[in-house]
Amino acid sequence: MTSPLHAPVLKARVETLLSRMTLDQKIGQMTQPERMACTPEDVKAYHLGSVLSGGGSCPGENKPADWVDMNDAYWVASMEEDEQHLAIPLIYGVDAIHGNSNVLGATVFPHNIGLGATRDPDLLKRIAQATAREILACGVDWTFAPTLAVARNDHWGRTYESYSEDTQLVTSYAAPFVEGMQSDLGDDGVAACVKHWVGDGGTTHGIDQGETTLSLGELRDVHMRPYQPAIDAGVLTVMASFNSWNGDKCHGHKQLLTDVLKDEMGFEGFIISDWDGIDYLSEDYYDAVGKGVNAGIDMFMVSVEWIEFISHVRNHVLNGTVSMQRIDDAVRRILLTKFAAGLFEKPRPQERPWSNSDSFGADQHREIAREAVRKSMVLLKNQDELLPLKKQARILVAGKSADNRGHQCGGFTVAWQGVQDNESIVGGTSVWEGIKNQAANAVLSEDGLGLDADPTLHDVAVVVIGERPYAEGMGDVRYGDNVLVEAGSQIKGLMKILEPYGRTLELAESHPEDLATIKNISSRGVPVIAVLLSGRPLIINKELDEVASFVAAWLPGSEGQGVADVLLGDFDFQGKLSFSWPKEAKAELNVGDQNYDPLFPFGFGLNYGR
Ligand code: GLC
């Protein structure tokens, strides 16, 4: 597929427009505030090139119509040409990383860790196409997806955003997802963003935004490789990573951003910073801005203090510490991307073909998600072939996550850190609802803890256990007591010091309620099938010993029905581990390691043997 970024006719249009732009108009295009910090009037007054929604930042009642109206207002303002302002369409960005999951009623697909277990690149493409339609239904043009992280340490809170610990598997998904999301970049396409460049999944101890210590050769082999097929497929944007490489922050790394990604790998779109990511480059914000621009970042996600950012860039140019050539390179890339995305030809968001479309959350999308759930589940144990269950069996469904669509969806769903109920996930089915739909004699444990288990009433129990939702550093598992997580911007005092998810990957330690529930039931003589909802492999030895069957269901999203489809035998298991499953919480355990000794190896997965 020839990248639309290479089209000579577009490059000519870029040069014509660039030649008409003032310095302020150019700097405005390089600036991306968060929606809560800017108005449509600001978009015109400061010539802003983009606005974003951070995770959970939603307009009005968070329905598609509210999103379309918001985007329409921003877009109209960006297109009001007059003596001071040129009509350059705004591009709006969101984290639609597993469906357009911020928005109420969206189809929420399994997070990437589950998609990795499907080994089905074509499914990835169909998921991306369906997600694009649900993004376009909201009048949005750009998603910060796919993540191409190769997560090497399960302690990382973003492991679930990674398809696999294996570079080749991640690489195999890059182009299909980009092609599905961007489509032909006409009415059906949404600009994609591969992230986070580079080495986000390779930090020491899996610390989010931490230090990745590797040779350049290792960095290329493990973490850079998935990006080339995405670039060749024409991905329009790349997001810089918070982590550092051998002590230097990626956001200020000219070799990584310019010499390797742009010059060597031929990336012609634009690089977006991560959330206030340049703040970490210096204690002095003016200095940090200069470092980020000169390293090769083209557009800056500057959540709140964007007016200050604009002023600093202008002063750097006037002081000669940032060249006009660098500014023009950044703006050229942004304009080329907007032309390639067809934004100059599109009508206002309210008048676009997919806006407010009833394809949003539609059954055909949910069927794709349900298929993905089925294909993502990995059967780790099936003693006495307890699975598949008979539909007329007397099934006791228990566990804290048995009837919780929020737990199924995980982070970056409606809220940044996710939600923990059914009501916030409009549409879809919990695991319990899915089983109940197909098994007339299934009952939900009253207290959820299985104390009502009774072998005279129940043939078998399905116990749904695991992690509660989390996102980014708040999902890290970190040892020691004084290790807290920084979130936000350190320069303008917006830094928040937050607790990590926990201190251990041992499930019986972090969630003792799960083993307790299992024992409540197994000790009463009812055999147990455990279904684990988690964003990563966990240490499950104690739980495993107590159950007859054990299923890793990852973070399956809104369509819990897919779990029931397989437990009840309509479909066989096909999922294969895309992450090695550890016996104990070690520093790292990855396929290919010397003395590789997992509980379940990469590629493992049982089935019904049909
Ligand atoms: C976050 C994440 C990034 C996301 C961005 C916008 O900090 O690192 O993946 O796209 O901010 O929400």
Side-chain angles (χ1 to χ4, degrees), residues 31-38 50-58 91-103 111-113 131 135 140-151 156-163 177 181 190-203 206-210 212 223 227 235-244 249-251 270-280 292 297 299-304 306 410-418 470-476 485-491 494-496 498 535:
T31 308
Q32 182 195 61
E34 214 281 337
R35 57 173 280 278
M36 290 185 284
C38 73
S50 178
V51 176
L52 89 142
S53 279
S57 175
C58 309
I91 185 168
Y92 196 93
V94 297
D95 287 295
I97 66 171
H98 64 139
N100 194 7
S101 51
N102 272 318
V103 188
H111 269 297
N112 289 349
I113 191 168
T131 301
I135 293 169
V140 173
D141 314 295
W142 182 22
T143 179
F144 305 126
T147 297
L148 295 183
V150 180
W156 188 31
R158 307 192 75 166
T159 297
Y160 66 79
E161 294 182 66
S162 169
Y163 296 118
F177 188 95
M181 181 58 69
V190 170
C193 179
V194 284
K195 66 185 186 181
H196 309 77
W197 179 263
V198 63
D200 50 351
T203 62
I207 290 175
D208 187 43
Q209 306 186 15
T212 296
H223 299 285
Y227 285 80
V235 70
L236 294 180
T237 66
V238 175
M239 186 179 292
S241 187
F242 281 122
N243 65 275
S244 53
K249 282 287 182 184
C250 291
H251 273 70
F270 71 82
I271 299 174
I272 175 94
S273 79
D274 201 336
W275 185 279
D276 296 332
I278 59 172
D279 291 3
Y280 300 88
I297 294 177
M299 184 183 283
F300 293 78
M301 190 186 296
V302 277
S303 57
V304 180
W306 53 273
F412 286 99
T413 311
V414 179
W416 178 41
Q417 293 294 316
Y470 52 79
E472 302 192 43
M474 276 49 88
D476 279 7
V485 177
E486 298 173 347
S489 162
Q490 68 171 351
I491 289 216
L494 297 178
M495 178 61 71
K496 296 187 287 291
L498 301 155

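Both counts, for ligands and for their atoms, begin at 1 and track the order of listing. Note: hydrogens, waters and symmetry copies are ignored here, and every other heavy atom, side chains too, is used.
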(request) Check each heavy atom of Arg158 against ligand 1 and say whether those closer than 4.0 Å belong to the side chain, the backbone, both or neither. (result) side chain
(message) Distance under 4.0 Å to a non-hydrogen atom of Met239: what atoms of ligand 1 satisfy this?
(response) 3 (C), 10 (O)
(request) Do me a favour and list the nearest non-hydrogen protein atom to atom 5 (C) of ligand 1 with residue, atom name and distance? (result) Asp274 OD1, 3.4 Å
(message) Within the structure, is a non-hydrogen atom of Trp416 found at a distance of less than 4.0 Å from ligand 1?
(response) no
(request) Check each atom of ligand 1 against the heavy atoms of Asp95 and keep those under 4.0 Å away; list them by number with element. (result) 4 (C), 6 (C), 10 (O), 12 (O)
(message) Suppose we measure from atom 1 (C) of ligand 1 to each protein heavy atom; which comes out shortest, and what is that distance?
(response) Glu472 OE2, 3.2 Å
(request) Heavy-atom contacts with His196 under 4.0 Å: which atoms of ligand 1 show up? List them by number with element. (result) 3 (C), 8 (O), 9 (O)
(request) Considering the heavy atoms of Phe144, write down every atom of ligand 1 situated less than 4.0 Å from one of them. (result) 10 (O)
(message) Please list, in number order, the atoms of ligand 1 under 4.0 Å from a heavy atom of Phe242.
(response) 7 (O), 8 (O)
(request) Considering non-hydrogen atoms only, spot the tightest contact between Asp200 and Ser241 and give its length. (result) CB-OG, 3.4 Å
(message) Using a 4.0 Å cut-off to any heavy atom of Trp275, which atoms of ligand 1 qualify?
(response) 7 (O), 11 (O)
(request) Mark up the atoms of ligand 1 that fall under 4.0 Å of a heavy atom belonging to Lys195, in ascending order. (result) 3 (C), 4 (C), 9 (O), 10 (O)
(message) I need the minimum non-hydrogen distance between Ile271 and Ile297, along with the two atoms involved.
(response) O-CG2, 3.8 Å
